[in-house]
Amino acid sequence: MTNNSKPKPREVFIQGITRDGRTFRPSDWAERLAGAMSCFRPGGGTRSGIGSAIGYSPYCIPTVIGSTKCVVVSEALKDIEPMAWDFVMNFARDNDLQVMEACLIPDPPKKG
């Protein structure tokens with residue numbers, strides 16, 4: 001079986017828990033961080049029309065896992081804008097946040 005498709009980029013989960021187990025504050029940190037990255041989108045940040053400035057980048061998404069606020073960052077951001085990747089990773093490091101790589105499961109083969 002040959003698959004010429006490019007493998008999916010890895011994802012990094014920045015968790016709202018410091019290395020010593022404290023909950024990171026402020027409570028809206030994930031939304032703020034993802035909001036700062038919202039202009040990084042497929043095709044660039046050049047969308048126009050209604051809702052063009054609303055929404056998060058698919059490369060940096062705030063979420064909650066269990067009861068922990070997280071930001072899921074796609075490694076694709078590193079190729080699109082290395083400085084943006086460095087910004088989010090340095091944010092995690094500077095605030096002593098726990099960071100985990102996701103174990104992605106490939107999509108099932110398409111029937112057809």
- Item | Heavy-atom closest contact (Ser38 atom, Gly55 atom, distance) | CB-O, 3.3 Å
- Query: How close do Arg19 and Leu97 get, heavy atom to heavy atom, and via which atoms?
  - Reply: NH2-O, 4.1 Å
- For Ile14 against Val88, the heavy-atom pair lying closest together: CD1-O, 3.7 Å
- Query: What heavy-atom pair brings Thr18 and Gln98 nearest, and what distance separates the two atoms?
  - Reply: O-NE2, 3.0 Å
- Query: Quick one: does Lys69's side chain get under 4.5 Å of Trp29's, heavy atoms only?
  - Reply: yes
- Message: Between Val71 and Ile61, is there a side-chain heavy-atom distance shorter than 4.5 Å?
- Response: no
- Task: Output the distance between atom CE (Met83) and atom CG (Leu77), rounded to the nearest 0.5 Å.
- Result: 12.0 Å
- Message: Using every non-hydrogen atom in the two residues, find where Cys70 and Ala30 come nearest and quote the distance to one decimal.
- Response: O-CB, 3.7 Å
- Item | By ring pair (Phe, Tyr, Trp, His ring centres under 6.0 Å) - contacts of Trp85 (at least two apart) | none
- Query: Parallel, tilted or perpendicular: which describes the rings of Phe24 and Phe91, with under 30° parallel and over 60° perpendicular?
  - Reply: perpendicular
- Is there a side-chain contact between Arg22 and Asp96 (heavy atoms, below 4.5 Å)? no
- Query: How close do Gly16 and Thr68 get, heavy atom to heavy atom, and via which atoms?
  - Reply: N-CG2, 3.8 Å
- For Ile65 and Gln15, what are the C-alpha separation, side-chain angles and deciding distance, and is it a side chain to side chain contact (heavy atoms under 4.5 Å, CB included)? CA-CA 9 Å; Ile65 299 174; Gln15 300 178 334; 6.0 Å; no
- Over 12 non-hydrogen atoms of neighbours within 6.0 angstrom of CZ in Phe87: no
- How many angstroms lie between OG in Ser57 and CD in Glu81, if you round to the nearest 0.5 Å? 11.5 Å
- Drop me the distance from Glu75's CD to Ile80's CD1, to the nearest 0.5 angstrom. 11.5 Å
- Query: Do Met37 and Val73 have side chains that get closer than 4.5 Å, going by heavy atoms?
  - Reply: no
